[in-house]
Every structure is written in structure tokens, then in C-alpha cells.
Amino acid sequence: MIQASVPNPYSPTPLPADPVDRGRRDPEETMSRDQIESLQFERLRWTLHHAYENVPAYTEHFDAHGVHPSDFTELADLAKFPYTDKEFLRKNYPFKAFAATGPELRRIHASSGTTGQPTVVGYTDTDLDTWARLVARCFRASGIRPGDRVHNAYGYGLFTGGLGAHYGAERVGAAVIPMSGGQTEKQVQLIRDFEPSAILSTPTYLLTIADGFRKAGIGPKDTSLKTAVLGAEPWTEEMRREIEQTFGVDALDIYGLSEVMGPGVAGESVETKDGSHVWEDHFRPEIIDPFTDEVLETGRPGELVFTSLTKEALPIIRYRTHDLTRLLPGSTHPGHRRMGRITGRSDDMIILRGVNLFPSQIEELALQLPGLSPHFTLTITRPDRMDEMTVTIERRPEATMEQAQADGQALRGQIKTTIGSSCTVDVVEPDSLARSSGKLKRIYDERPKG
Ligand code: DLL
């Protein structure tokens, strides 16, 4: 049994026996802001004690910063506690940041990241239950209902996307098709044969599936799909429009990260399509200035930081996500704040001759030009002493090369005027760039290292 000197205030409500009832909102979804904040206070108090008393890495971390869980007397006191980041988890690889390694530990996932050593995360039974509930909450908000059939194209395995989405779909009362990522021809066949009403995928892999339909001589609009719940990589409103028009679906955002739980930390409502609500009964989000580390008020853009409120196996305190966005007041779930779109990750930011630039800005501009497709890469080189960027982008099959090249020049001009960077735009034939089967790599940095 995991114990801390303050009692754990979280006790999950039992599941409804009738699967049809799983289509109802959780009581916490309708709480007011005041109710959420008093819940957050109680749960944070427990989390800080739990982390300090059960994870030596946190004991050391708090001691080194001269803070103790008893210093937490109101919500604003969270700012007294030190940040954590990927480095904190790497240093404590594999299990030294865990509060549970014995029989309470039920599942381990890992995210590979870009730098070799994976980040390892763990779950108790209660953590897995919470995860399924919150993913189910996202799917319900997206319009998925008991009795729906859901095609899950997120990768299964150590990645949290596949299994996280899987248990959430079962929890909402749907039937899951556990397809995983890749094998695009098979995806097309199963979507035709099993007639799912919803698909779960990364936005760029859904574009690959759309190509697969076209190659099979089927219009992507002529499928049973009505809803697409997309996440795991940044995407723009222009991409939403592209996907909705291609498949004739409602495309909704789902956000999450392994260290904080996996998919389902935040989800978007089909009625409003106005950004993902962070489930604030389980996570306390903050936005900070990534350079000064100062906490910013709701509405200001900066780096997203999360503290878990109920997690047992891997409590996470003030975890710096590197994701850049802002918090907005709740809409369909007034007690929970929404996130704006993730504009990029601070570690994905291209600094081109002093100008900061994200791939999502290029996506936004390119998709406003009729001859250009959403398939593009950014290559950074240093031929001389100056950095140069080439946008390599496929023309749309229905546009001529001449039209697409004119749009390519227009794109170059817009990148210059709206972002402030000079670059080269190279328009290429459809299907010449590598396709994603999960998270797409858009940036190729070919500058000499060191
Ligand atoms: O990508 C969890 C997930 C799976 C979320 C499936 C949604 C759907 P990680 O592999 O740990 O976990 O990667 C987390 O992916 O910090 C963001 O940079 C990015 N990301 C996730 N969701 C979104 C989103 C999963 N909706 C990292 N929009 C995060 C933009 C996203 N970026």
C-alpha cells in the first residue's frame, strides 16, 4: 500500500454497470472553478507529501531547494517548489523517480525521445483507471458514444498513444479495433470492412491513410468515419480544415505526454472546437516564461508546466513540457481551463539567422495556398557561415507544377513578410516525401555539429 502522512483525498467513483451510462459526463466535468480549485488544493497537498515521503529523488530535490510539503498552505504556494524536467527523469533512470516499484506497479511505458536514453513512466491500478477515465472523457467530448466502433491507429507498445487510447475507447463504451500505426493498405481495408465511426491517429498519419484510400480508388469521404481524434504532434487550424474536408469528419484535438500520463491530459469538445480542456481535477497546469522561469497569468503565451494531483506510481511536480501555448478560460467545461494550440516545442524551434520559427507556422501558411499540399519538410544547412532553410513541399495532385510553383514563390514571400525569414521553397511531385506512420519528422538539421 502506498502511504503518505496526509490521507489521499482521491477515491475514484465506481463505474456505471450499464455500458450505455458511460456516455454520461463525470461529475467533476461540471464543477465550478472554485470547486476545482479547492479539489486541487487538497490533492496537491497529498501529492507533495506523497512525492517527498515516497520518492527519494523528490526528497533530495525539495531539500536542495529548501522547501518542504508543509510550506504548501494555498494554491499559489506551488510556485515555491522546484521545476522538474526530462533530465530529472533521465537522472533517475529507470525507476528512481517512481513511488511504486513493488506489487503496486501495474504497467511501464517509455518514450524514446531524440537523445537515446528513454524516459520511463509507471502506473498503479488506480493510475490506469484514472488514465482510462480521462481518455474516455476526451472521447466523449469529441462526440464518441457507447456503441460506436473506434479504429485505433496510434502505435501500440511502449508509446502511450496506442494502449492509452485503447482503454479510453473501451471505457467510453465503444468497441475498439486495435490496428496500431503503419500497414496503411490494411488500415484502408479494415476501415472499409469494419465501418468504424471514429478514428484515432496522429494528424499526419491520417493524411497518409487518406493517400491510401485514394490509391485504392476510394474517396476518403466515402467511408463510415464521422470523428477523428488527433494528437501526439502539433497541428494547426488549417490542418483541421484539410482533414475535415478530406474525410468529411469532425477533427478534434487530444493532448498529452507520457511523463504526465499519456494521451488524455486535455481534450477538445465537438460543440465548440475551441481548444482542449485540461482535466484540472487531475492536473494543475501553469504557464511560465521559458527564459525567466516566472509564472505567467492565464492568457499569456509561454511554456506549459504540469503537476499531477492524483498520480500514485509517478507523481510529477512542476514538469516542464517544453510545449509552447497559453491557457484560456474553460468553455464547455467552465471549471477547467483550455489550452490554445501548441505552437511548437521550445526544443523544435528553428533559429534562423536570429528569427525564431516553428514548422506549424509553415503549415499554416502553406495550407492557405491551393496548389500546395500538407506534405513538407524543413532542411537547415550552413553552406557558408550563414544558416539556410529549404522548405521542400509537394504540389497537390490536382494542381499543375506551374501553379504549384507560383504558390511556392508566394509561400516564400509570406514566410519573409509574416515570419521574417528568407528561405528557399522547393516544390516537388506528389508522393516524393517520406510519409509518417505516427509522429512525423519535419525538421532535418544538416548543419555541422559542434
Ligand atoms: O504523444 C501522448 C499522446 C498520444 C497524445 C496520442 C495524444 C495522442 P509523448 O510521446 O510523450 O506522448 O509526446 C508528448 O507530444 O509534449 C507534445 O510536444 C506533443 N503532443 C502531444 N499531443 C499533442 C497535441 C504522446 N494534441 C509530446 N498537439 C508533447 C500538439 C502534442 N502536440
Side-chain angles (χ1 to χ4, degrees), residues 29 131 134-144 150-154 159-162 164-165 168-169 172 181 197-207 209-210 225-258 260-280 282-283 285 287 301 304 306 321-333 336-345 348 358-361 363-364 367 374 436 438-440 442:
E29 288 181 67
W131 190 10
L134 295 186
V135 176
R137 210 186 265 185
C138 296
F139 291 164
R140 208 181 296 121
S142 300
I144 298 176
V150 174
H151 180 101
N152 186 9
Y154 286 119
F159 174 51
T160 53
V172 81
S197 51
I199 187 161
L200 318 173
S201 159
T202 61
T204 55
Y205 187 52
L206 196 52
L207 294 178
I209 295 177
L225 294 172
K226 294 190 169 55
T227 308
V229 189
L230 311 173
E233 61 185 5
W235 59 304
T236 58
E237 281 305 311
E238 284 69 22
M239 185 71 111
R240 189 204 304 267
R241 203 171 335 111
E242 171 84 22
I243 286 170
E244 292 194 330
Q245 284 172 0
T246 303
F247 281 97
V249 293
D250 284 309
L252 287 314
D253 185 52
I254 183 167
Y255 169 85
L257 63 163
S258 326
V260 174
M261 179 176 79
V265 172
E268 195 170 36
S269 298
V270 65
E271 298 89 340
T272 44
K273 295 186 183 169
D274 57 356
S276 287
H277 283 89
V278 177
W279 305 126
E280 288 207 57
H282 292 276
F283 310 102
I287 294 284
L304 191 53
F306 280 108
T321 63
H322 292 299
D323 289 330
L324 302 173
T325 184
R326 59 201 178 112
L327 290 172
L328 302 161
S331 61
T332 51
H333 296 72
H336 305 253
R337 279 170 294 177
R338 275 172 303 140
M339 325 176 358
R341 279 209 182 267
I342 305 284
T343 47
R345 294 179 53 80
D348 242 12
F358 292 102
S360 58
Q361 291 173 289
E363 180 179 294
E364 191 178 326
L367 287 181
S436 110
K439 293 177 192 265
L440 179 68
R442 286 218 194 265

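When a residue number appears, it is its place in the shown sequence, counting from 1. The figures here come from the full heavy-atom set of this structure, side chains too, leaving out hydrogens, waters and symmetry mates.
A distance-only check finds no donor-acceptor pair linking the side chain of R338 to the backbone of G330 [under 3.5 Å]. With S436 contributing its side chain and G438 its backbone, the two residues share a donor-acceptor pair below 3.5 Å. In this structure, the side chain of K439 does not engage the main chain of T202 through any donor-acceptor pair within 3.5 Å.
Here the CD-OG1 distance, from Q361 to T343, works out to 7.5 Å after rounding to the nearest 0.5 Å. Atom CG of residue D253 and atom CG of residue L230 lie 8.0 Å apart, to the nearest 0.5 angstrom. Separating the CG atom in L328 from the CE atom in M339 is a distance of 10.0 Å, to the nearest 0.5 Å. Taking CD1 of I209 as the start and OG1 of T204 as the end, the distance is 10.0 Å to the nearest 0.5 Å. Atom-to-atom distance recorded for D323:CG and L257:CG is 6.5 Å, nearest 0.5 angstrom. To the nearest 0.5 Å, the span separating CG on L440 from CH2 on W235 amounts to 15.0 Å.
Side chains of L304 and I287 form a contact here, defined as non-hydrogen atoms less than 4.5 Å apart. Contact annotation: the side chain of I199 never approaches that of F247 to less than 4.5 Å [non-hydrogen atoms, C-beta and beyond]. M239 places none of its side-chain heavy atoms less than 4.5 Å from the side chain of R341. The shortest side-chain heavy-atom distance between V278 and F306 falls under the 4.5 Å cut-off. Contact check for L252 versus R240: side-chain heavy atoms found under the 4.5 Å cut-off. The shortest distance between side-chain heavy atoms of P263 and W131 falls below 4.5 Å.
Listed by chain and number, the residues in a salt bridge (charged side-chain N to carboxylate O under 4.0 Å, His left out) with K273 are E244, D250 (sequence neighbours excluded). Partners of H277 by side-chain hydrogen bond (donor to acceptor under 3.5 Å, both in side chains), not counting sequence neighbours: none found. Applying the side-chain hydrogen bond (donor to acceptor under 3.5 Å, both in side chains) criterion to Q245, with sequence neighbours excluded, gives no partner residue. Shown here are the salt bridge (charged side-chain N to carboxylate O under 4.0 Å, His left out) partners of E364, two or more places apart in sequence or in another chain: there are none. Looking at residues two or more places apart in sequence or on another chain, you find no salt bridge (charged side-chain N to carboxylate O under 4.0 Å, His left out) involving E271. Residues that satisfy the side-chain hydrogen bond (donor to acceptor under 3.5 Å, both in side chains) test with S269, not counting sequence neighbours, are T332.
The two residues V172 and F139 come nearest to each other via the heavy atoms CG1-CB, 4.4 Å. Closest approach of F358 and R345 over heavy atoms only: CE2-O, 3.3 Å. The shortest non-hydrogen separation linking A165 to Y154 is CB-CD1, 3.9 Å. The two residues W279 and C138 come nearest to each other via the heavy atoms NE1-SG, 3.3 Å. Here the closest heavy-atom approach between residue G162 and residue N152 is recorded as O-ND2, 2.9 Å. The two residues T227 and S142 make their nearest non-hydrogen contact at CG2-O, 3.6 Å.
Side-chain contact of H336 with E280: a donor-acceptor pair under 3.5 Å is absent, judged by distance alone.
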Apply side-chain contact (heavy atoms from CB on, under 4.5 Å) to R140 and E29, showing your working.
CA-CA 11 Å; R140 208 181 296 121; E29 288 181 67; 3.0 Å; yes
Begin with the C-alpha distance, continue with both residues' side-chain angles, and end with the deciding distance and a verdict on side-chain contact (heavy atoms from CB on, under 4.5 Å) for L207 and I243.
CA-CA 7 Å; L207 294 178; I243 286 170; 4.1 Å; yes
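Within a 6.0 Å sphere centred on CZ of R326, heavy atoms belonging to other residues, nucleotides or ligands number 12 at most.
A side-chain hydrogen bond (donor to acceptor under 3.5 Å, both in side chains) with T236 is found for one member of E242, E363, R241 and no other, namely E363.
Taking a cutoff of 4.0 Å between a charged side-chain nitrogen and a carboxylate oxygen, R442 and E233 do not qualify as a salt bridge.
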